[in-house]
2 protein chains.
Amino acid sequence: MVIDINLSNPEAIHHPAGQGPIPQPSLNRMSQYHHYLMELQDQGIDRVSCSRIGADLNLVPVQVRKDLQYTGIIGKPKTGYVVAELILAIESFLGWNNVNEAFLVGAGNLGTALLGHERFTKFGLQIVAAFDSDPSKIGQWVHGKAVLPLDKLADLAQRMSIHLGIITTPAEAAQTVADEMIRGGIQAIWNFAPARLKVPTHVIVHSEDLYSSLASLSWKLAQRFHVPIQQEGGTPDGVDANCG
Amino acid sequence: MVIDINLSNPEAIHHPAGQGPIPQPSLNRMSQYHHYLMELQDQGIDRVSCSRIGADLNLVPVQVRKDLQYTGIIGKPKTGYVVAELILAIESFLGWNNVNEAFLVGAGNLGTALLGHERFTKFGLQIVAAFDSDPSKIGQWVHGKAVLPLDKLADLAQRMSIHLGIITTPAEAAQTVADEMIRGGIQAIWNFAPARLKVPTHVIVHSEDLYSSLASLSWKLAQRFHVPIQQEGGTPDGVDANCG
DNA sequence: ATAGATTCGATCTATGGTTATCGATATAAA
DNA sequence: TTTATATCGATAACCATAGATCGAATCTAT
Ligand SMILES: NC(=O)c1ccc[n+]([C@@H]2O[C@H](COP(=O)([O-])OP(=O)(O)OC[C@H]3O[C@@H](n4cnc5c(N)ncnc54)[C@H](O)[C@@H]3O)[C@@H](O)[C@H]2O)c1
Ligand SMILES: NC(=O)c1ccc[n+]([C@@H]2O[C@H](COP(=O)([O-])OP(=O)(O)OC[C@H]3O[C@@H](n4cnc5c(N)ncnc54)[C@H](O)[C@@H]3O)[C@@H](O)[C@H]2O)c1
């Protein structure tokens, strides 16, 4: 999910050159393009067209073209784009060529998984420390990162100029943690707890709602089994097969 | 990101009573409503209006009303909805009152986190077994679930009538795993690997693309720091604060 | 009992994102 | 060199979703 979307404030999202806003869905597709292009590069393919990308990613070519235009890349008729250039364009567009140092709070199941995910560094995300409130976890090391007491967060974030916070605590604690992060000057929060965070407008919050995805999935699955009668001229199962 | 959306096929999504399609964004919001209503119930509140919900969830009341109508719930003017009824309506709508038994493949970092998440059972998801290809993991128990060899999956899925598969393997293995799941008659796949799965049209795939979220987040963060000049009458930072 | 306030449900409009179309341009083949 | 074809980039049409409005229903307070 993601889905997601659901901009409570439909304020335009502007991209660096100021050449107009970028739709959130386009932004979400960027990492797909990036991943796909990396595969192409591994295969030694150095040029690619929107039609090719679209065919492989199940998108109409014109949508691919529009999305890529936001990165500022310029393609050549008949040839398409240079894969290497395109990858760089996307990485630069997303800011993946700079490192974002982050603090993670909640060294539990999910937090541990994220802490152990080295691949994040390839995408500019460097989790530098973990925080928890559980005395038995404080002082331990998880995947090479120290678990510190939560009350050290704000001060450290400020001193280390950390701008990104990741919340993997239970929902009940999420707001407290977010407040603490903001107190430390953190600008953006990646929230995995199913909670609506109240934050000042200048703070970016991106909530990863797994339950929302689960809802979507189980609804579709329920459709599949409980309404086999429904047949009104459309597809046998009126449910789209691929979304995310 | 949640997200998403990105229906490659804009085929209508129909809901049980066949009273028209439900927008994917509405579906995604359902779990938010559910979570919020549970909180209300904990606080002993038994009635709620769309205005109230909207105020608390940062949505306009009319959108809340529309979303809730999809569940078939019927409200009373002046009073609003009965919280308990509404919760049941949403759960029944999403199929959360039935149990979805699932197989998980890839008992690594993320897989372990999911296996250990008991709360899923509250939402109808019961992960009954894990699978892996790593001989050192096979035969072990993770959070009380056996880790079995992948080649047992198809047969077991069929015999146990498992309809849901969860993929938490590296991207390279995802397609193989998906194929195996489909061979076992699995109808829906919750995919956490950053890979586009090719599946028959009758199989539902929901990809949880964390990199996509990360992209969105890091783009917004990059905006924040690299374009402080941009000031064209709108908000100081033209980036929306809350999305998911 | 009646007046007033509030909210639901339905219809209509606006916005934003997706998709189709068209001209321009670069490559490849004749 | 010329011609055919594929692809880009821009514009325009289209469609889904979000948001506004309005009448009808219900509750509360006088
Ligand atoms: N694990 C999953 O698969 C999964 C799936 C979906 C959603 N989530 C959500 O992710 C979050 C974390 O899930 P989890 O399974 O890792 O839970 P967990 O219980 O394993 O870990 C939570 C951690 O947060 C710490 N914590 C609690 N209160 C804190 C506070 N006030 N300050 C700092 N740390 C605090 C706990 O000590 C613990 O280490 C939850 O909100 C959960 O709903 C998890
Ligand atoms: N851990 C995270 O925080 C995180 C974040 C974003 C995305 N992801 C994605 O989730 C997936 C899993 O991540 P992870 O960190 O748990 O990786 P991991 O390496 O810890 O675990 C992967 C597991 O899959 C198993 N596996 C490999 N090939 C297999 C096959 N063919 N059949 C069955 N099992 C196989 C491995 O033995 C291992 O146990 C990856 O695709 C990763 O990109 C993970």
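Because only heavy atoms are used, hydrogens play no part in the values below, and waters and symmetry mates are left out as well, while side chains stay in. Quick note on labels: first sequence line is chain A, next is B, and so on, each numbered from 1.
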Does B/Ser26 have any side-chain contact (heavy atoms from CB on, under 4.5 Å) partners at least two apart in sequence or in another chain, and if so, which? B/Ile22, B/Pro23, B/Arg29, B/Asp67, B/Tyr70

Looking at residues at least two apart in the chain, or sitting in another chain, which of them share a side-chain contact (heavy atoms from CB on, under 4.5 Å) with B/Gln41? B/Met38, B/Val83, B/Ala84, B/Ile87

With sequence neighbours left out, the residues meeting ring pair (Phe, Tyr, Trp, His ring centres under 6.0 Å) with B/Phe123 are A/Tyr211, B/His34, B/Trp96

Contact class for A/Val60 vs. all strands (heavy atom < 4.0 Å): base, sugar-phosphate, or nothing? sugar-phosphate

Figure out the CD/P separation between B/Gln24 and D/dA18, and round it to whole Å. 11 Å

Ranking C/dT18, D/dG19, D/dG9 by distance to the side chain of B/Lys66, first place goes to D/dG19

Nearest-angstrom distance from the residue atom OH of B/Tyr81 to C1' of C/dT6: 13 Å

Quick one, which residues of residues 45-53 of chain A touch DNA chain C with a heavy atom under 4.0 Å? none

Any idea which of D/dG19, D/dG9, D/dA12 is nearest the B/Gln63 side chain? D/dG19

OP1 or OP2 of C/dG17 versus the side-chain N and O atoms of A/Tyr70: is any pair under 4.0 Å? no

Atom pair distance, as rounded to whole Å: CG in B/Asp67 and C1' in C/dG9: 14 Å

Can you tell me if the side-chain N/O atoms of B/Arg65 get under 4.0 Å from OP1 or OP2 in C/dG9? no

From D/dC8, C/dT19, C/dG17, nucleotide with atom closest to A/Pro23 side chain: C/dG17

Expressed as a whole number of angstroms, how long is the span from A/Ile74:CD1 to C/dA24:C1'? 13 Å

Given atom CD of B/Gln69 and atom P of C/dT11, what is their separation to the nearest angstrom? 10 Å

Quick one: side-chain contact (heavy atoms from CB on, under 4.5 Å) partners of A/Gln43, sequence neighbours excluded? A/Glu39, A/Leu40, A/Ile45

The complete set of salt bridge (charged side-chain N to carboxylate O under 4.0 Å, His left out) pairs with one or both residues in residues 46-58 of chain B, sequence neighbours excluded, reads B/Arg52-B/Asp56

A/Arg119: partners by salt bridge (Lys or Arg N to Asp or Glu O under 4.0 Å), with sequence neighbours left out: none

Backbone N/O of A/Gly80 and side chain of A/Ser49: donor-acceptor pair under 3.5 Å: no

What is the distance, rounded to the nearest whole Å, between atom CG of A/Leu86 and atom P of D/dT7? 15 Å

Just jot down the side-chain contact (heavy atoms from CB on, under 4.5 Å) partners of B/Ala188, sequence neighbours excluded, or say none. A/Leu217, A/Leu221, B/Leu164, B/Ile204

Length of the CD1-C1' vector between B/Ile22 and D/dA16, whole Å: 14 Å

Figure out the CG/C1' separation between B/Leu59 and D/dA20, and round it to whole Å. 16 Å

Can you check nucleotides 24-30 of chain D for protein contacts, nitrogen or oxygen pairs under 3.5 Å, and list what you find?
unit_1 : atom_1 : unit_2  : atom_2 : d
D/dC27 : OP1    : B/Lys76 : NZ     : 3.3

In terms of the angle between their ring planes, are A/Phe192 and A/Trp190 parallel, tilted or perpendicular, with boundaries placed at 30° and 60°? tilted

